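Note that the structure is a prediction, hence the values are computed from the model and not measured. Here is how names work: the chains are called A, B, and so on, in the same order as the sequence lines, proteins then strands, and each is numbered from 1.
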Protein chains: 2
Amino acid sequence: MAGIKEIAEKAGVSISTVSYALNGSSRVSVKTRDKILSIAEEMNYIPNLAGQNLRRQRTNIIAVYLTSYQGSFFGDLLQGMHQKANDLGMELIVCSGKRSRLFLPQRLIDGILVLDKNFSDSELLKYADQSYPIVVLDRTLKHESIRSVLLDNEKGSTQAMQSLINEGVDKIYIISGPENNHDSIERKKAAVAAAEAQEIEYDIIPGQFNEISGYQAGDKVVFEPEKTYGVFALNDEMGLGIHKYLTEHNIVINKDVFIRGFDRNQVTGYLTPPIKSVAYSKFDFGATAVGILNKLIKEEAVDNKTISTYFEE
Amino acid sequence: MAGIKEIAEKAGVSISTVSYALNGSSRVSVKTRDKILSIAEEMNYIPNLAGQNLRRQRTNIIAVYLTSYQGSFFGDLLQGMHQKANDLGMELIVCSGKRSRLFLPQRLIDGILVLDKNFSDSELLKYADQSYPIVVLDRTLKHESIRSVLLDNEKGSTQAMQSLINEGVDKIYIISGPENNHDSIERKKAAVAAAEAQEIEYDIIPGQFNEISGYQAGDKVVFEPEKTYGVFALNDEMGLGIHKYLTEHNIVINKDVFIRGFDRNQVTGYLTPPIKSVAYSKFDFGATAVGILNKLIKEEAVDNKTISTYFEE
DNA sequence: GTTAGTTGTCGAAACGTTTCGACAACTTTC
DNA sequence: GAAAGTTGTCGAAACGTTTCGACAACTAAC
């Protein structure tokens, strides 16, 4: 209700003066500024975003796109994004689904963070061509106005493999993820490299980064008695699945077989026994992404970043 | 770039005609409409939201406010909200934090869903007084422009208690939640009523609806040998905590003690043994809330709703 | 062939801001 | 005390839409 106009009227000044005062311009005298500010306060003035956005051509809102809200993975990540965005004076909104992608060209938001494989490369490139700032978290994409935040998959994978080897296993099964998934590709590559470097027998079982495919992988694993095995699930969802399979089939975890995962999913810690998993700060992951997006929006120079992983025995 | 103005120019008609055509008004002839539409298509026209919102005084966006993004609880809920909102032709955004609450008075959004205890009653009532449509999911609040979606806590609590009684326990410990939490109050009340109706011994241990307080509750529980006990955690987070405590202290679950929880948290299913928990459709919970908010926005009559709970042995 | 109605188009105002350029009223400088 | 600079204020345009009211050009009715 109460707009800049009403304030101007009440203060006996022009609209423009009110606007200057509200925006802290030095053009306006201290006396009028204080008067206007107190009237605004008193009238409970809150700027109308549509009006502001229209004029400013800028909203200070960014959005993150997720495939779905499912899974505990996103908690810390969003927390990190949110905090960083707020530190930078921006608001973060979380979106999902095809239609809301229009927010970008509709100019409701200044830039986007993408962790949603359904948001296709070609669609992203199309927006990038119109110079909309974009940060992707689940792939690499080369474009002037796109940056990526990546994980140090190589280090994590190598450590997980080493940890299995340290248990003295005779063979390692690597449960891989989708063919076209960036993380899956990198993790698999490093895992294979580690196995070959250490000259340990290994086998790759294809999975889909979800629990059910981890469970199904159990059927493909051959356990000979008197031998011990390692299973490296390239993500924890699949680790959950294989854990369930093994438990159901009375194969004793941490004796007959050792499991390692990736992502440090909350649930893995509650299993008996828990699954050891490659970790990284999801909070930093999110915060870093927002930091990069901010620079992109402000047209400052910025590079891709890599988040480091760690593995504790 | 391409706005309604450019389209008008290219089509050789006025701005208003373009607007009518784009909005499917019957005022404009079929011939010009098709022409305008094809030009708009060709120019990749996407309306500028700020302009539209400014004029329409409506955005078709609603927001849900969460205390934090942590926890798997929100997954299904958001999924339900999102789908329903989309079915109704609205976009849903997820927000967190104090500053973004201004979205409502800033007119960026048409209404809000609140599941965030930090969003105080008084603040909500203040907005409600300005006729902003609000749906609360974590409390009851009486106001012309506020509605609540509630859980059938009574039924759920009663069933959980009955289930413990059926196990033949001698005494039931009820781990309650925060004093001012609506669900906690209702669940406790029903649990106590059930215990008294069945004339079974019980005790209340205060908790905080989080894992650590559930764990700490373990210390307050007295287990005499030769007796069996029931523990009813008024939410699953606390159930997780007490489960951990009991396991660590070698008290055998499902023999010495039986646990029941509330909310059917994803993690509870992965525990050994799992915790039986009162369930309800979080998807429906979310979808219902959005449905109500929609009616509130459209100024249609609508009442509070209750989501039913169920408990399977 | 006047009158009355219908159809399709348009101009202009409105929504709530920001910001440029103008300018009156001062102050400083010489 | 005239010229030059500074300060504080204002009017008006602009951002991209929607929508009212006007109206010209038709058609239908008598």
Would you say B/Asn23 reaches D/dT18's phosphate, i.e. side-chain N/O to OP1/OP2 under 4.0 Å? yes
With distance as the sole criterion, is a donor-acceptor pair present between the side chains of B/Glu237 and B/Asn265 under 3.5 Å? yes
Looking at A/Phe119, I'd like to know if the NZ or CZ of A/Arg101 sits under 6.0 Å from its six-membered ring centre while staying within 45 degrees of the ring's axis. yes
Please determine which of A/Leu293, A/Ile134, A/Val64 meets the side-chain contact (heavy atoms from CB on, under 4.5 Å) test together with A/Ile112. A/Ile134
Pairwise N/O distances under 3.5 Å, protein to nucleotides 20-23 of chain D:
| from | atom 1 | to | atom 2 | distance (Å) |
| --- | --- | --- | --- | --- |
| D/dC20 | N4 | B/Tyr20 | OH | 2.6 |
| D/dG21 | O6 | B/Arg27 | NH1 | 3.1 |
| D/dG21 | O6 | B/Arg27 | NH2 | 3.2 |

Under 4.0 angstrom between A/Thr17 side-chain N/O and D/dC10 OP1 or OP2: yes
Of D/dT18, C/dC15, D/dG8, the nucleotide closest to the side chain of A/Ser29 is D/dG8
Working to the nearest 0.5 angstrom, can you tell me the gap between B/Ile109 CD1 and B/Thr59 OG1? 7.0 Å
Of the options D/dG16, C/dT9, C/dT17, whose atoms approach the side-chain atoms of B/Thr32 most closely? C/dT9
Report for the helix from C/dG1-D/dC30 to C/dC30-D/dG1: angle between first-end and last-end helix axes, five pairs each, rounded to 10 degrees. 50°
Separation of A/Ile4 atom CD1 from C/dT19 atom P, in whole Å? 11 Å
Hey, which of these two, A/Gly51 or A/Val13, hits DNA chain D nearer its 5' end, going by closest nucleotide? A/Val13
If we count only N and O atoms by modelled type, under 3.5 Å, do the side chains of A/Asp263 and A/Tyr280 hold a donor and an acceptor together? yes
Which nucleotide in D/dT17, C/dT9, D/dT9 has an atom nearest any side-chain atom of B/Gln52: D/dT17
Output, in order, the C-alpha distance, side-chain angles, deciding distance and verdict of side chain to side chain contact (heavy atoms under 4.5 Å, CB included) for B/Val135 and B/Leu296. CA-CA 9 Å; B/Val135 172; B/Leu296 228 37; 4.2 Å; yes
Starting at atom CD1 of A/Ile36, determine the distance to atom P of D/dG8, rounded to an integer number of angstrom. 13 Å
Which nucleotide, C/dT9, C/dG16, C/dT17, lies nearest any side-chain atom of B/Gln57? C/dG16
When A/Val28, A/Leu22, A/Ile7 are each screened for side-chain contact (heavy atoms from CB on, under 4.5 Å) with A/Thr17, the one that passes is A/Val28
For a salt bridge (charged side-chain N to carboxylate O under 4.0 Å, His left out) with A/Arg139, tell me which candidate from A/Asp116, A/Asp183, A/Asp121 qualifies. A/Asp121
Between the base of D/dT17 and the side chain of B/Arg55, is one N or O donor paired with an acceptor at under 3.5 angstrom? no
Given side chains that start at C-beta, do those of B/Arg58 and B/Ile297 come closer than 4.5 Å, heavy atoms only? yes
Establish, from distance only, whether the side-chain atoms of B/Asp129 and B/His143 form a donor-acceptor pair under 3.5 Å. yes
When the distance from CD of B/Glu9 to C1' of D/dG16 is rounded to whole Å, what number comes out? 14 Å
In whole Å, what is the span from the CG atom of B/Asn53 to the C1' atom of C/dT17? 14 Å
For the side chain of A/Ser14, starting at C-beta, report the closest nucleotide among D/dC10, D/dG16, C/dT17. D/dC10
Grab the CG-P distance between B/Leu22 and D/dT19 for me, whole Å please. 13 Å
Using whole Å, what does the distance between atom P of nucleotide D/dC15 and atom CG of B/Leu49 come to? 18 Å
Nearest whole Å is fine: how far is C/dT18 C1' from A/Lys5 NZ? 16 Å
Interatomic distance, A/Ile7 CD1 vs C/dT17 C1' [rounded to whole Å]: 12 Å
Where each residue is assigned the nucleotide of DNA chain C containing its nearest heavy atom, which of B/Ile15 and B/Leu54 is assigned the position nearer the 5′ end? B/Ile15
